[in-house]
> 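Quick one: the structure is below, questions incoming.
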Amino acid sequence: EVQLVESGGGLVQAGGSLRLSCAASGFTWEHYIIGWFRQAPGKEREGVSCFSSSDKSTHYADSVKGRFTISRDNAKNTVYLQMNSLKPEDTAVYYCAVGDAKYYSGSYSLDRPYEYDYWGQGTQVTVSS
């Protein structure tokens, strides 16, 4: 059974930082893609960042470039999203998702949630002004 468990969300002031974690287990693909998505109330789900284990490439939405960093710890089977210089518009529920890397489409994977087969439960990030 594939499981994705996010943690690390919370309330932070604008300009602050948070690190989200996504502990992943149970999938057997040789290579995989991990994506971070977010959804704010009344808005569509937005791809934030993605990573492919096959070519080690990473991609970021323009809105978070230079502020967010995706990374992984293979020993802990955990993927992180380091979020710095947070803004009120970053407020959303953040989800991690995993899929088979054979469907990876580079930066387009940020816009293609259907490339991901499993999703976590989400973690709330609230940035106050």
> Test of understanding: with ring pair (Phe, Tyr, Trp, His ring centres under 6.0 Å), list the residues that count as partners of Phe37, not counting sequence neighbours.
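Expected list: Tyr116, Trp119.
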
> In Å, rounded to the nearest 0.5 Å, how long is the span from CG of Asp100 to OH of Tyr32?
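Atom-to-atom, Asp100:CG and Tyr32:OH are 12.5 Å apart.
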
> Compare all side-chain heavy atoms of Phe51 with those of Lys56 and state whether any distance is below 4.5 angstrom.
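Yes, their side chains come closer than 4.5 Å.
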
> Between the side chains of Lys65 and Asp62, is the shortest nitrogen-to-carboxylate-oxygen separation below 4.0 Å, so that they form an ion pair?
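Salt bridge present between Asp62 and Lys65.
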
> Within this structure, what is the OH-SG distance for the pair Tyr104 and Cys50, rounded to the nearest 0.5 Å?
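The distance works out to 4.5 Å.
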
> May I ask you to check whether over 12 heavy atoms, not counting those of Lys43, lie within 6.0 Å of atom NZ?
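Result for NZ/Lys43: open.
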
> Is Val12 reachable from Leu81 through a run of I, L, V, M, F, W or Y residues, each pair having side-chain heavy atoms under 4.5 Å apart?
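Yes, same cluster.
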
> Under 6.0 Å between ring centres, would you say that holds for Tyr118 and Phe27?
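Ring-ring flag for Tyr118/Phe27: false, centres at least 6.0 Å apart.
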
> Quick one, Tyr95 with Leu4, criterion side chain to side chain contact (heavy atoms under 4.5 Å, CB included). Give me CA distance, side-chain angles, the key distance, then yes/no.
CA-CA 9 Å; Tyr95 301 89; Leu4 298 174; over 6 Å; no

> Could you check Asn77 against Ser25 for side chain to side chain contact (heavy atoms under 4.5 Å, CB included), going step by step and ending with a plain yes or no?
CA-CA 7 Å; Asn77 291 326; Ser25 62; 5.7 Å; no

> Of all the heavy-atom pairs spanning Ser85 and Arg67, show the shortest one and how long it is.
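Here Ser85 and Arg67 meet closest at O-NH1, 2.9 Å.
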
> Are Ser63 and Glu46 close enough that a side-chain donor and a side-chain acceptor fall under 3.5 Å?
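Yes, a side-chain donor-acceptor pair sits under 3.5 Å.
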
> Taking it one step at a time, do His59 and Ser109 satisfy side chain to side chain contact (heavy atoms under 4.5 Å, CB included)?
CA-CA 9 Å; His59 297 280; Ser109 290; over 6 Å; no

> Drop me the distance from Ser129's OG to Lys87's NZ, to the nearest 0.5 angstrom.
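Answer rounded to 0.5 Å: 14.0 Å.
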
> With a 4.5 Å heavy-atom cut-off, do Tyr103 and Arg112 have their side chains touching?
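They are not in contact (no side-chain heavy atoms under 4.5 Å apart), so the answer is no.
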
> Under a 4.5 Å side-chain heavy-atom rule over Ile, Leu, Val, Met, Phe, Trp and Tyr, are Ile70 and Phe68 clustered together?
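Linked, Ile70 and Phe68 end up in one cluster.
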
> According to side-chain hydrogen bond (donor to acceptor under 3.5 Å, both in side chains), who are the partners of Ser54, at least two apart in sequence or on a separate chain?
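For Ser54 the side-chain hydrogen bond (donor to acceptor under 3.5 Å, both in side chains) partners, ignoring immediate neighbours, are Ser52.
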
> Rounded to the nearest 0.5 Å, what's the gap from NZ on Lys102 to CH2 on Trp29? Could you check?
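The distance works out to 10.0 Å.
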
> Output the distance between atom CG (Leu86) and atom OG (Ser128), rounded to the nearest 0.5 Å.
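Going from CG on Leu86 over to OG on Ser128, the span is 10.0 Å.
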
> Under 4.5 Å between side-chain heavy atoms, counting indirect links through other Ile/Leu/Val/Met/Phe/Trp/Tyr residues: same cluster for Leu20 and Val64 or not?
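Cluster IDs for Leu20 and Val64 match.
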
> Show the numbers, then the answer: is there a side chain to side chain contact (heavy atoms under 4.5 Å, CB included) between Thr91 and Gln124?
CA-CA 8 Å; Thr91 295; Gln124 176 71 47; 4.0 Å; yes

> Could you tell me which residues satisfy salt bridge (charged side-chain N to carboxylate O under 4.0 Å, His left out) with Arg19, sequence neighbours excluded, listed by chain and number?
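Counting only residues at least two positions away or on another chain, Arg19 forms no salt bridge (charged side-chain N to carboxylate O under 4.0 Å, His left out).
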
> What distance separates Gln121 CD from Glu6 CD, expressed to the nearest 0.5 Å?
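It comes to 4.5 Å.
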
> I'd like to check Val2 versus Asp117 (side-chain heavy atoms, cut-off strictly below 4.5 Å). Are they in contact?
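A side-chain contact is absent here, since even the closest heavy-atom pair is not under 4.5 Å.
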
> Let me check something: do Val48 and Val125 share a hydrophobic cluster, defined by ILVMFWY side-chain heavy atoms less than 4.5 Å apart, either directly or through other members?
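Yes: a chain of side-chain contacts under 4.5 Å links Val48 to Val125.
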
> Tell me whether Ile33 shares a hydrophobic cluster with Leu110, the cluster being built from Ile, Leu, Val, Met, Phe, Trp, Tyr side chains joined at under 4.5 Å.
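In one cluster: no.
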
